[in-house]
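Below, read A as the first sequence line, B as the second, and so on, with proteins coming before strands; counting in each chain starts at 1.
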Amino acid sequence: MKVFNTLSRKKEEFKPLVPGQISMYVCGPTVYNYIHIGNARSVIAFDTIRRYFEYRGYKVKYVSNFTDVDDKMINEARAENTTVPKLAERYINAYLEDTEALNVEPATLHPRATHEIKEIIAFVKELIAKGYAYEVDGDVYYRAKKFADYGKLSDQNIAQLEEGASEHINDTEQQRKEDPIDFALWKAQKEPDEIAWDSPWGKGRPGWHIECSVMSTKYLGDTIDIHGGGQDLEFPHHENEIAQSEAKTGKKFVNYWLHNGFVTVGKDQEKMSKSLHNFVTVHDIIKEVDPQVLRFFMASVQYRRQINYSEDNLKQAQVILERFKNTLTNINYRLEDDTASQEDAALKQAVAQTKLKFEQAMDDDFNVQNALTAIYELLPVVNANTNLANVDKTELKQFKKLLCQWLNIFGIDCDKLVATKASAEDEQIDALVKKRDEARKNKDWATSDQIREQLKKMGITIQDTPQGTRWTRD
RNA sequence: GGCGGUGUAGCCAAGUGGUAAGGCAGAGGUCUGCAAAACCUUAAUCGUCGGUUCGAGUCCGACCCCCGCCUCCA
């Protein structure tokens, strides 16, 4: 199995530290607002990857943090006249609700920065002791140049970075640093009402990058298999994490760095972001769009590729899900009817071949497009079988099981996709269908069509097949 | 300016040297009392120019467009 490692900019053979087990850390959100579609993309991308590993039989320990203190949190709490912990609580809950709606598996652990203050302070102290960090008036900065490999992840060169950073020289913070590219590990409290913790450098709070180094090493170990996040985190966030962690432990921090592509919007395909005011929150959109459709739409694009968010593209995802639904529904009917099963060697072979193709594609850096294409090509073969007088019930059952396993990787639950029929209305519907069948026997098309219309209005679609009349909910 | 990504039919999208997968939409057809679902048939020379090669979307060079990162950001 191969994954694209940002560190080498190449696809590499994936080998976990411990056979059969995977340690995975994914940078989570700063919880000062609802997550938008772009945030969801990252969550879904790595959930899909995780699920594929699990499909492949790996045991995955998956850690994803909440950044529950930083400048944005403090500002938003002030603006809303609330406290940082209350703000965090609200949006952590919202995050959990929204991602559940998108059928994202809960992380093995969801640590929070503010719950790790002791460890953060100890980590920073060690960096100071090793000469990688220094204190200035209650702030602590990381001495970037001291770390020989600084810039290796994002291919940045130090001189250029310094040039860029010097443009922000107006910042009072910049003037306190030894070097413009140094970054904060610990920030001194600025206002008396600002949330802060006691530390050897006075009251303050952690910088942004340090929390991930601390939580990743604490919960998963000094070296982990996979660290994920959006492409915009490559620099400086992940670069800084490497510098901090490797300076402290002297070991390689992460074996495989995986970065997901952005969600873009509009004709110009601009990145969805809060500063551009072009974002849609998950909280809002799932009131209008079936969360399954949103989930499938985002999971069906390979994680490194850009996703263009549009109604048309969402619609396409919906149409595909409907095809799956129809096929599964038809299979369910044929498995239940009383026709004899007849072996279909071609079908059996096609299913086996598709499994091979699917896994080959996914093994190649999670090439979901090719994996899905393999399934799309199989559908007509399966559908053709379900139309026969005698279907291959054994093989259809096997296909159904496989398809549901595959869809599960994309976060689609077969049971939800094909809603079960049990409902208070069922008897009434069955009675109407029966009445219509009698009308059809008498060639009373007017009555028959009128009942079909009536059912349509109830959200029921009728299908007349050689095996009898079926109905499904829309 | 530095770093990275991208440009394939109306849309989504595979493809890493041998005469362009697949899906959606569209068109036509089969089945059906009519429908629904399904099935069958059907479209592009691959941003531009030049080079290497028997042969290039696929390698090399130049250029153009778009997007992102380089400051908070998934």
Side-chain angles (χ1 to χ4, degrees), chain A residues 6 9 26-30 32 35-46 67 70-72 75 151 153-157 159-161 163-165 167-168 171 174 181 183 208 228-237 239 259-264 267-276 279 297 300-308 310 312-313 315-320 322-323 325-327 329-330 333 361 367-377 379-387 440 443-446 448-449 452-453 456 461-466 469-472:
Chain A
T6 307
R9 309 245 168 228
V26 177
C27 289
T30 303
Y32 70 109
I35 57 167
H36 64 234
I37 308 285
N39 304 121
R41 199 290 214 260
S42 181
V43 175
I44 289 171
F46 290 105
T67 299
D70 88 327
D71 288 335
K72 292 191 294 285
N75 292 337
L153 178 69
S154 49
D155 279 332
Q156 301 291 327
N157 90 50
Q160 231 115 39
L161 285 175
E163 207 180 301
E167 285 169 21
H168 302 270
D171 264 336
Q174 284 299 5
I181 61 170
F183 56 92
W208 174 39
Q231 271 163 6
D232 48 358
L233 295 185
E234 274 174 38
F235 188 90
H237 187 56
E239 199 69 67
H259 290 98
N260 66 273
F262 298 122
V263 173
T264 61
K267 224 179 67 189
D268 297 335
Q269 306 217 349
E270 281 177 327
K271 174 188 173 190
M272 180 178 286
S273 76
K274 293 189 177 166
S275 49
L276 290 172
F279 64 93
F297 167 57
S300 64
V301 177
Q302 199 252 11
Y303 75 100
R304 285 195 286 127
R305 280 194 78 97
Q306 189 170 288
I307 294 183
N308 188 18
S310 70
D312 277 2
N313 291 343
K315 177 81 186 161
Q316 279 200 16
Q318 186 183 354
V319 168
I320 290 165
E322 261 155 33
R323 289 204 77 198
K325 178 182 166 178
N326 288 336
T327 295
T329 307
N330 289 340
Y333 271 108
N367 191 332
V368 298
Q369 280 105 331
N370 280 342
L372 285 168
T373 293
I375 304 178
Y376 299 153
E377 285 178 318
L379 283 186
V381 183
V382 173
N383 286 330
N385 188 269
T386 64
N387 282 338
R440 291 181 68 230
K443 300 198 190 289
D444 179 1
W445 310 127
S448 156
D449 290 351
R452 185 164 64 198
E453 266 312 297
K456 189 78 205 163
T461 300
I462 286 287
Q463 289 184 24
D464 298 317
T465 78
T469 300
R470 307 170 184 173
W471 60 269
T472 50

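OP1 or OP2 of B/C39 has at least one side-chain nitrogen or oxygen of A/Arg323 nearer than 4.0 Å. In this structure, A/Asn326 reaches the B/A38 phosphate: one of its side-chain N or O atoms is under 4.0 Å from OP1 or OP2. The side chain of A/Lys315 places no N or O atom within less than 4.0 Å of a non-bridging phosphate oxygen (OP1 or OP2) of B/C12. For A/Asn383, a side-chain nitrogen or oxygen approaches OP1 or OP2 of B/C39 to under 4.0 Å. Distances shorter than 4.0 Å separate some side-chain N or O of A/Gln369 from OP1 or OP2 on B/A14.
Stacking annotation: A/Trp445 is stacked on the base of B/G33 (ring centroids less than 5.5 angstrom apart, interplanar angle below 30 degrees).
Listed nucleotides B/G33, B/G23, B/G1 differ in distance to A/Ile320; the shortest reach to its side chain belongs to B/G23. Checking B/A74, B/A14, B/A21 against every side-chain atom of A/Asn39, the shortest atom distance belongs to B/A74. Each of B/C69, B/G15, B/G1 was ranked by its minimum atom distance to the side chain of A/Asp232; first place goes to B/C69.
No salt bridge links A/Asp312 with A/Lys315; every basic N to acidic carboxylate O contact stays at or beyond 4.0 Å.
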Query - Where protein sits on nucleotides 3-11 of chain B, one letter per nucleotide: B base, S sugar-phosphate only, - none, heavy atoms under 4.0 Å - result: SS------B

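Remark: A/Gln369 engages no residue in a side chain to side chain donor-acceptor pair (under 3.5 Å) (not counting sequence neighbours).
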